[in-house]
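Here's the structure we're looking at; comments come further down.
Heavy atoms only: backbone and side chains are in, while hydrogens, waters and symmetry mates are out. The first residue in the sequence is number 1, and the count goes up from there.
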Amino acid sequence: MSAGPLRTALTDLVGCRHPVVQTGMGWVAGPRLVSATANAGGLGVLASATMPLDRLAAAIREVRERTDRPFGVNLRADAGDAEERVELLIAERVRVASFALAPRPELIARLKEAGVVVVPSVGARRHAEKVAAWGADAVLVQGGEGGGHTGPLATTLLLPQVVDAVDVPVIAAGGFFDGRGLAAALAYGAAGVAMGTRFLLTSDSPVPDAVKRAYLEAAETVVTRQVDGVPHRVLRTPAVDALERSGPVSRLAVAVRSAAALRRDTGLSWGSLLRDGAAMRRARGLSWSQVLMAANTPMLLKAAMVDGRADLGVMAAGQAVAAVDDLPGCTELIERIVADAARSLDRLETLRHPAP
């Protein structure tokens, strides 16, 4: 199947062929998946939250070796070394900087000055208005159907609100997995779609096969606060059930072990972790116990996504997981999505110009 390009404000802005974005999923969106997405004509986004600076630099260079297409890097705006990471993206000529939280205005200004496209993720209209006023080039809007950290408002309600509120391209996320969804997002006024779960379930994803099978067999997701204190959409696993049943002392013990494991895995010192925690606490208004719980997320995700322990780890998943039943390569997936979207748009056009 060969699909012609769908030109939108997103493709014009970042230089990709198709308005399809692969999100920066921790432990999943590494150089292999990002470059496969980019080579297929989409925008691949490298996840960097669990990488120390030197490992991020190596990952960016590996993507460069695998593709000459534009790609992005997802950054934590509240990281203690956010400025150094921004300078790395500039030095490596990365096309897009995406952020899970709103970056400070000075970070946006520095990136834009260097020609890097800035795309924060938002879960509310007011957040989109704020970052657009600060100079963001586009916004990624995730509705409550999306996996990982999520909000209460459905994409079908949130997306039109944001499209009407800002004058920058809007990327729709949360519940997208096929070409009909892309066509619907374009009809709402979005410039493209972003998908996490659908790209996780490709043959180019590095996730172990046993974990992919668990995703393909899943019929539903749950939203829990017991992973790191904020709403998190995941598959129901024994680890999630155990966290749901545990009390505050048990959860705190898990968080301490996770923080120690995170330090060992990333090579960061306790001082660096504490500085990151202090920055996170200021940026998100968290207590120190909530900051400590935040260490759960990367390590419990790693247990599943890297170590292959679906029984011990947390498996972030959007509600679209119930509609996914195969593992195509990124090229096949994107071409299928764009071709199906084109057919959907053609069907809509016939309603405006019915045959006599």
Side-chain angles (χ1 to χ4, degrees), residues 22-34 36 45-51 55 59 74 76 100 142 145-150 174 177 195-246 250-251 253-266 292-327 330:
Q22 160 254 304
T23 60
M25 299 165 282
W27 307 113
V28 177
R32 172 179 157 187
L33 181 59
V34 171
V45 178
L46 186 68
S48 75
T50 57
M51 298 180 185
R55 195 181 302 174
N74 183 257
R76 267 186 47 210
Q142 178 173 308
E145 300 93 325
H149 294 131
T150 191
F177 62 94
M195 303 181 297
T197 303
R198 177 67 274 200
F199 277 104
L200 185 155
L201 293 173
T202 61
S203 60
D204 295 305
S205 162
V207 172
D209 290 342
V211 174
K212 288 180 182 178
R213 285 195 298 272
Y215 272 97
L216 291 175
E217 293 168 0
E220 62 180 354
T221 61
V222 296
V223 176
T224 179
R225 289 179 174 269
Q226 302 311 321
V227 175
D228 57 9
V230 294
H232 206 112
R233 186 176 294 284
V234 297
L235 298 186
R236 183 170 291 286
T237 64
V240 172
D241 287 340
L243 286 170
E244 288 280 318
R245 293 192 302 266
S246 64
S250 297
R251 288 197 296 272
V254 171
V256 170
R257 290 196 298 271
S258 293
L262 181 62
R263 187 189 70 83
R264 291 193 303 270
D265 189 81
T266 61
L292 189 57
M293 280 186 71
N296 282 340
T297 300
M299 300 319 297
L300 292 175
L301 285 172
K302 180 177 181 289
M305 302 305 162
V306 178
D307 302 335
R309 295 300 305 268
D311 57 330
L312 296 180
V314 166
M315 301 163 68
Q319 288 182 308
V321 69
V324 177
D325 60 6
D326 63 351
L327 298 169
C330 287

Distance (rounded to the nearest 0.5 Å) between [X] [atom1] and [Y] [atom2]:
{"X": "Thr23", "Y": "Gln142", "atom1": "OG1", "atom2": "CD", "answer": "8.0 Å"}
{"X": "Gln22", "Y": "Thr202", "atom1": "CD", "atom2": "OG1", "answer": "8.5 Å"}
{"X": "Arg76", "Y": "Ser48", "atom1": "CZ", "atom2": "OG", "answer": "9.0 Å"}

### Query
ring pair (Phe, Tyr, Trp, His ring centres under 6.0 Å): which pairs involve residues 208-243, sequence neighbours left out?
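Non-adjacent pairs meeting ring pair (Phe, Tyr, Trp, His ring centres under 6.0 Å): His149-His232.
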Flag side-chain contact, heavy atom, 4.5 Å: [X] against [Y]:
{"X": "Pro31", "Y": "Val34", "answer": "no"}
{"X": "Val240", "Y": "Gln226", "answer": "no"}
{"X": "Lys302", "Y": "Thr50", "answer": "no"}
{"X": "Leu33", "Y": "Met25", "answer": "yes"}
{"X": "Phe199", "Y": "Ser205", "answer": "no"}

### Task
Of all the heavy-atom pairs spanning Met195 and Phe177, show the shortest one and how long it is.
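Minimum heavy-atom separation between Met195 and Phe177: SD-CA, 3.7 Å.
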### Task
Indicate the atoms forming the closest heavy-atom contact of Asp204 with Arg32, along with that distance.
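Residues Asp204 and Arg32, closest heavy atoms: O-NE, 3.0 Å.
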Applying side chain to side chain donor-acceptor pair (under 3.5 Å), name anything that partners [X], two or more places apart in sequence or on another chain.
{"X": "Thr237", "value": "none"}
{"X": "Asp326", "value": "Arg198, Arg336"}
{"X": "Arg213", "value": "none"}
{"X": "Asn74", "value": "Ser98"}

### Task
Write out all pairs satisfying salt bridge (charged side-chain N to carboxylate O under 4.0 Å, His left out) with one or both partners inside residues 312-325, taking only residues at least two apart or from two chains.
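Counting only pairs at least two positions apart or across chains, no salt bridge (charged side-chain N to carboxylate O under 4.0 Å, His left out) contact touches residues 312-325.
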### Query
For Leu327 and Leu216, what are the C-alpha separation, side-chain angles and deciding distance, and is it a side-chain contact (heavy atoms from CB on, under 4.5 Å)?
CA-CA 9 Å; Leu327 298 169; Leu216 291 175; 4.0 Å; yes
Can you give each donor-acceptor pair under 3.5 Å made by side-chain atoms of residues 305-323, sequence neighbours left out, with the distance rounded to 0.1 Å?
residue, atom, partner, partner atom, Å
Arg309, NE, Asp311, OD1, 2.9
Arg309, NH2, Asp311, OD1, 3.4
Arg309, NH2, Asp311, OD2, 2.6

### Residues which pass side-chain contact (heavy atoms from CB on, under 4.5 Å) with Pro208, listed by chain and number, not counting sequence neighbours
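Val211.
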